[in-house]
Protein chains: 2
Amino acid sequence: MTTDPAPARRRPTHRKGRATLTRASVGQAALDFLGRHGPAELTMRALATELGVSPRALYNYVEDRRDLITVAAEIFQSEWRPPTLDPAPDRWRETLRAYCHDLRAHYRRHPGMTTLALSENITMARHPVMLRNVDALIGFFTEIGGTGLPPREAYLACMETIRQIVGFVEFQDRPHDRPPEDLDPAELRQTPPPWLREGADDLPHLRRAAEDQHSELPDEVFEFTLDVLVDGIAATAVKRRDL
Amino acid sequence: MTTDPAPARRRPTHRKGRATLTRASVGQAALDFLGRHGPAELTMRALATELGVSPRALYNYVEDRRDLITVAAEIFQSEWRPPTLDPAPDRWRETLRAYCHDLRAHYRRHPGMTTLALSENITMARHPVMLRNVDALIGFFTEIGGTGLPPREAYLACMETIRQIVGFVEFQDRPHDRPPEDLDPAELRQTPPPWLREGADDLPHLRRAAEDQHSELPDEVFEFTLDVLVDGIAATAVKRRDL
DNA sequence: ACCTGAACACCGTTCAAGT
DNA sequence: ACCTGAACACCGTTCAAGT
């Protein structure tokens with residue numbers, strides 16, 4: 001069907017009916033696996049079974065499980081193309097918000113990735129594509145609102161933004177998208193929640209919040225997070241300008 | 001030495017020379033263990049060895065490993081006594097900052113706790129003491145700066161604050177306090193870092209940030225985080241007042 | 001060169017039996 | 001009532017041997 005441009009025949013592309021493994025293909029398989037199952041289920045043996053090879057075969061392409069997760073994380077990072085940012089005074093807020101929405105959606109697509117990297121002490125954001133994205137985001141902050149932020153504050157604002165998105169996905173979206181299995185799904189929508197049922201007479205604010213149906217909708221909570229982030233950065237920008 | 005007030009003798013306090021196990025003592029031992037070792041090292045077998053019993057003995061007090069971690073998390077929460085907050089217009093910012101510093105220090109003392117609870121899908125903040133703390137923090141936000149925040153915004157501000165602290169400890173402090181073992185300690189202080197060495201010609205902002213010695217000091221980064229958080233919440237308060 | 005199968009040292013958890 | 005010891009099914013990883 002396709003016209004292959006006579007590739008270098010260094011390495012067979014197939015073996016025993018399946019495509020030959022590579023470091024990249026093994027990492028991609030791990031990333032796909034994380035989109036379907038929880039991080040704890042990603043074992044060398046399970047991945048090997050899915051690829052139709054013995055567990056030992058994976059060790060020809062990755063050093064160990066930690067290395068496997070590192071490859072998956074790199075592919076994960078390289079897959080994201082950020083929306084364009086506009087530092088103009090009347091545009092930077094909305095484009096930054098759109099940027100954050102898109103980044104949140106990307107992390108949310110592979111819920112286990114960040115937690116897994118965290119628990120394995122893997123340093124993320126090393127992939128060239130991600131480094132370029134980070135550099136562009138810092139550049140954006142050095143120009144926002146006309147005056148822009150000084151270099152150091154722009155760097156901090158960039159890291160702050162990324163950390164907030166990751167934190168939101170891990171601590172808000174993930175428990176919401178994959179609630180613990182030991183409680184009934186019906187129990188989730190009860191108001192007030194069972195742990196607030198008794199002895200909550202001295203917890204008036206929590207009780208009121210628990211009765212508010214909107215309180216736990218992640219999308220609405222995320223808007224508040226963006227409000228605080230954007231306004232907080234704007235205030236910092238004003239403060240630095242007045243110095 | 002101490003005068004014991006004739007306790008009810010329902011249960012022996014010692015057995016074979018060591019104190020009798022209880023659900024609380026096992027949980028406390030797990031929490032202590034997490035202060036000394038990484039979360040992955042906390043195994044039923046390792047904890048049993050440290051307590052001088054067989055692994056099976058632990059199952060008389062906790063249902064399984066997940067339950068053990070839940071108990072440890074509850075003890076962890078009950079151990080924190082928050083500093084006092086003052087919502088007065090000229091005081092709320094500084095007292096909120098002090099509050100956040102204290103909470104950060106508490107989480108930092110048991111680095112593995114949050115990550116472990118996260119990876120085991122354990123819902124935190126169920127302990128009565130912590131619920132009271134959360135309620136008080138919401139109450140604080142309903143009164144800040146004279147006008148205060150509406151109930152819903154106060155609740156969101158409370159959750160935002162806690163999430164930011166936890167996110168900071170997990171994503172900033174933990175990698176800094178316990179760097180991955182596969183790179184030399186010397187490599188950490190190099191400027192620019194090795195992953196920025198080549199092909200970084202189109203990464204001017206990252207390069208500049210990497211040369212700035214202050215960029216990676218967690219305490220200074222934390223001040224920026226608090227700047228954004230406090231100013232962001234203040235801006236939200238003003239916005240709501242003007243509506 | 002790349003794979004398989006067997007093995008080792010770990011893990012959580014359970015069973016049957018001790019005291 | 002609470003414990004031990006042995007066992008089971010898992011895991012990451014390695015060794016020796018196949019093709």
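Numbered from 1 within each chain, the chains take letters A, B, ... in sequence-line order.
- When distances run from any side-chain atom of A:Thr43 to the nucleotides C:dT13, D:dC11, D:dT13, the shortest one goes to D:dC11.
- The residue among B:Ser54 and A:Arg56 whose nearest nucleotide of DNA chain D is located toward the 5' end is B:Ser54.
- What separates CG of B:Leu47 from P of C:dT13 is a distance of 13 Å, to the nearest Å.
- Between A:Leu21 atom CG and C:dC2 atom C1' the separation is 10 Å, expressed in whole Å.
- Atom CZ in A:Arg45 sits about 11 Å away from atom C1' in C:dC10, given to the nearest Å.
- The nearest whole Å value for the distance from the CD atom in B:Glu120 to the P atom in C:dG12 is 10 Å.
- The shortest non-hydrogen separation linking B:Arg56 to B:Asn60 is NH1-OD1, 3.4 Å.
- Of the two residues contacting DNA chain C, namely B:Glu41 and A:Leu58, the nearest-nucleotide position lying further toward the 5' end is that of A:Leu58.
- Judged by Watson-Crick or G-U wobble contacts below 3.5 Å, the nucleotide C:dA6 has D:dT14 as its partner.
- At the phosphate of C:dC3, OP1 or OP2 sits under 4.0 Å from a side-chain N or O atom of A:Asn60.
- B:Pro218 and B:Asp173 make their closest contact through CB-OD1, 3.5 Å (heavy atoms, listed as atom of the first residue, atom of the second, distance).
- For C:dA1, the paired base is D:dT19 (Watson-Crick or G-U wobble, both distances below 3.5 Å).
- A straight line from CG of B:Leu51 to P of D:dT4 spans 11 Å, rounded to a whole angstrom.
- Using a 3.5 Å distance cut-off with no hydrogens or angles, the side chains of B:Gln164 and B:Thr225 do not pair a donor with an acceptor.
- Atom CD of A:Glu223 has more than 12 heavy atoms from other residues, nucleotides or ligands within 6.0 Å.
- For B:Ala57, the side-chain atoms get nearest to D:dC3 when compared with the rest of D:dT13, D:dC3, C:dT13.
- The two atoms that bring A:Pro83 and A:Trp80 nearest to each other are CD-CZ2, 3.9 Å, heavy atoms only.
- The side chain of B:Tyr59 lies closest to C:dT14 when the candidates are D:dC3, D:dG12, C:dT14.
- In this entry the distance linking CZ of A:Arg65 with C1' of D:dC10 reads 13 Å, nearest Å.
- Contact annotation: A:Tyr61 side-chain N/O to C:dA1 OP1/OP2 distance is not under 4.0 Å.
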